[in-house]
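The first residue of the sequence shown is numbered 1, and numbering continues consecutively from there.
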Amino acid sequence: MTEKIEGIVLGVIRHSDRHNIVTLFTRERGRMSFIVRTGSGKTARMQNARLQPLSLIEADVNINPTKELVALTRFSSPITWKSLYFHPVKQSLTLFLQEFLEKLMRSSAPDPVLYEFLVRSVAFIDAAPTDCCPNLHIAFLAGLLVPMGIAPNLEDFQPGDWFDMRGGEFIAERPLHSDRLIPADAARLPLLSRMTMRNASRFRFNAEERSRLLQLLVRYYAIHFPGLGHLNSLDILKEVYRG
């Protein structure tokens, strides 16, 4: 059955001398893997160039329930990112987001709200000035908490509360386990809940605070999505945003 799909590229790995496996998060079917012929001709090179991290892809594909991998032959890009792969800071941010999302969304079902969030966020980063705000990665991770279903419950927050990272809730007493935030860190969560891509430049963090927030957010995701594992790009991103 032929079906039109739209997706965002989460990863490309070499499968053989002639084929790659491309992972997309699609609007219609969630996470899917496709097999793509590499080739050496001009057309093949142009097609492969469209499979950059976080690229948007549209294609008509033949869905066969008996096959694990769907062939991705002819496809196009509804939007071509203009600066994502050419600006050093944006390159580092793109590689981090690609690695983070590929590991986070291991078995994601269709989720139009999540898909739209990803597309809007990447489009904003691409269009941002070249001296873009150093808080965009924090804003992305903070905003992603909602569509991923793990946003902290802020209704009962009181100054001095601890934050139970396993339960996603504020409590007056220190949790007995180690997956917790001390009150000083817990008090930042209501602030982060108000952060968006558009207002991220209004939040003034120094390098140490920015690194701390990144560390805590990634840890929180890892608690709720154990498959996240080690992120190779995390240290590079910290270095890029050190100032």
* Asked: Taking the side chain from E6 and the backbone from T26, do they hold a donor-acceptor pair closer than 3.5 Å?
  -> no
* To do: With the side chain counted from C-beta on, respond yes when L69 and I21 share a heavy-atom pair under 4.5 Å apart, and no when they do not.
  => yes
* Mark yes or no for whether N135, through its side chain, and A200, through its backbone, hold a donor-acceptor pair below 3.5 Å. => yes
* Asked: Can the ring centroids of Y220 and F163 be said to lie less than 6.0 angstrom from one another?
  -> yes
* Should L191 and L136 be counted in the same cluster of Ile, Leu, Val, Met, Phe, Trp and Tyr side chains packed under 4.5 Å apart? -> yes
* **R29 bridged to E3 by N-O distance under 4.0 Å** => yes
* L234 side, atom CG; N232 side, atom CG - distance, nearest 0.5 Å -> 9.5 Å
* To do: Rounded to the nearest 0.5 Å, what's the gap from CG on L192 to CG on L216? Could you check?
  => 9.0 Å
* Structure fact -> Looking only at heavy atoms, the pair that brings P152 and L189 closest together is CG-CD1, 4.4 Å
* Asked: Which pair of heavy atoms, one from L228 and one from A222, lies closest together, and at what distance?
  -> CD2-N, 3.8 Å
* List the atom of R27, the atom of P110, and the distance in Å for their closest heavy-atom pair. => O-CB, 4.1 Å
* Asked: Hey, are E99 and K103 close enough for a salt bridge, meaning a charged N less than 4.0 Å from a carboxylate O?
  -> yes
* Asked: Does N199 reach the main-chain N or O of T196 with its side chain, forming a donor-acceptor pair under 3.5 Å?
  -> yes
* Asked: Would you say L145 and H224 make side-chain contact, with heavy atoms under 4.5 Å?
  -> no
* Asked: Are F117 and F140 near enough that their ring centres are under 6.0 Å apart?
  -> yes
* **4.5 Å side-chain heavy-atom contact, L56 and S77** => no
Which atom pairs, donor and acceptor, lie under 3.5 Å between side-chain atoms of residues 166-174 and protein residues at least two apart or in another chain?
| residue | atom | partner | partner atom | Å |
| --- | --- | --- | --- | --- |
| R166 | NE | D179 | OD2 | 2.9 |
| R166 | NH2 | D179 | OD2 | 3.4 |

* Asked: With the 4.5 Å side-chain cut-off for hydrophobic clustering, are V146 and L141 part of the same group?
  -> no
* Structure fact -> Heavy-atom nearest pair, E28 first then I5, reads OE1-CA, 3.3 Å
* Under 4.0 Å between a Lys/Arg side-chain N and an Asp/Glu carboxylate O for R188 and E209? -> yes
* To do: Answer yes or no: is there a donor N or O on one side and an acceptor on the other, between the side chain of Q98 and the main chain of L10, under 3.5 Å?
  => yes
* Asked: Do I79 and W81 have side-chain heavy atoms sitting under 4.5 Å apart?
  -> yes
* Asked: Are any of the side-chain heavy atoms of T80 and R50 separated by less than 4.5 Å?
  -> no
* To do: State whether the side chain of R180 and the backbone N or O of P175 hold a donor-acceptor pair below 3.5 Å, judged by distance alone.
  => yes
* Asked: Does CZ belonging to R219 count more than 12 external heavy atoms closer than 6.0 Å?
  -> yes
* Asked: Which atom names give the shortest non-hydrogen contact between P147 and D111, and what distance separates them?
  -> O-OD2, 3.9 Å
* **H87 (side chain) donor-acceptor with L84 (main chain) under 3.5 angstrom** => no
* Structure fact -> The complete set of side chain to side chain donor-acceptor pair (under 3.5 Å) pairs with one or both residues in residues 52-61, sequence neighbours excluded, reads S55-Y85
* Asked: For A128, does its backbone N or O pair with a side-chain atom of K90 as donor and acceptor, under 3.5 Å?
  -> yes
* To do: Please report the C-alpha distance between T23 and R106 in whole Å, then the side-chain angles of each, then the deciding distance to 0.1 Å, and finally whether the side chain to side chain contact (heavy atoms under 4.5 Å, CB included) criterion is met.
  => CA-CA 10 Å; T23 301; R106 288 291 188 185; over 6 Å; no
* State whether the side chain of Y221 and the backbone N or O of F100 hold a donor-acceptor pair below 3.5 Å, judged by distance alone. => no
* To do: Kindly compute the distance separating CZ (F203) from CG (L213), expressed to the nearest 0.5 Å.
  => 10.5 Å
* Structure fact -> Nearest heavy-atom contact between L214 and I138 is N-CD1, 3.7 Å
* **Close side-chain approach of L51 and F75, heavy atoms under 4.5 Å** => yes
* Asked: Which one of V9, L101, L54, L114 satisfies the side-chain contact (heavy atoms from CB on, under 4.5 Å) criterion with F25?
  -> L114
* To do: For the pair R202 (side chain) and M195 (backbone), establish whether a donor and an acceptor sit closer than 3.5 Å, ignoring hydrogens and angles.
  => no
* With rounding to the nearest 0.5 Å, note down the distance linking CG in L237 to CG in L97. => 8.0 Å
* To do: State the CD-CG distance between Q91 and L93, to the nearest 0.5 angstrom.
  => 11.0 Å
* To do: Give the cluster check for L181 versus L154: same hydrophobic cluster or not, with ILVMFWY residues linked at side-chain heavy-atom distances below 4.5 Å.
  => yes
* Asked: Above 12 or not: heavy atoms from other molecules or residues under 6.0 Å from NZ of K82?
  -> no
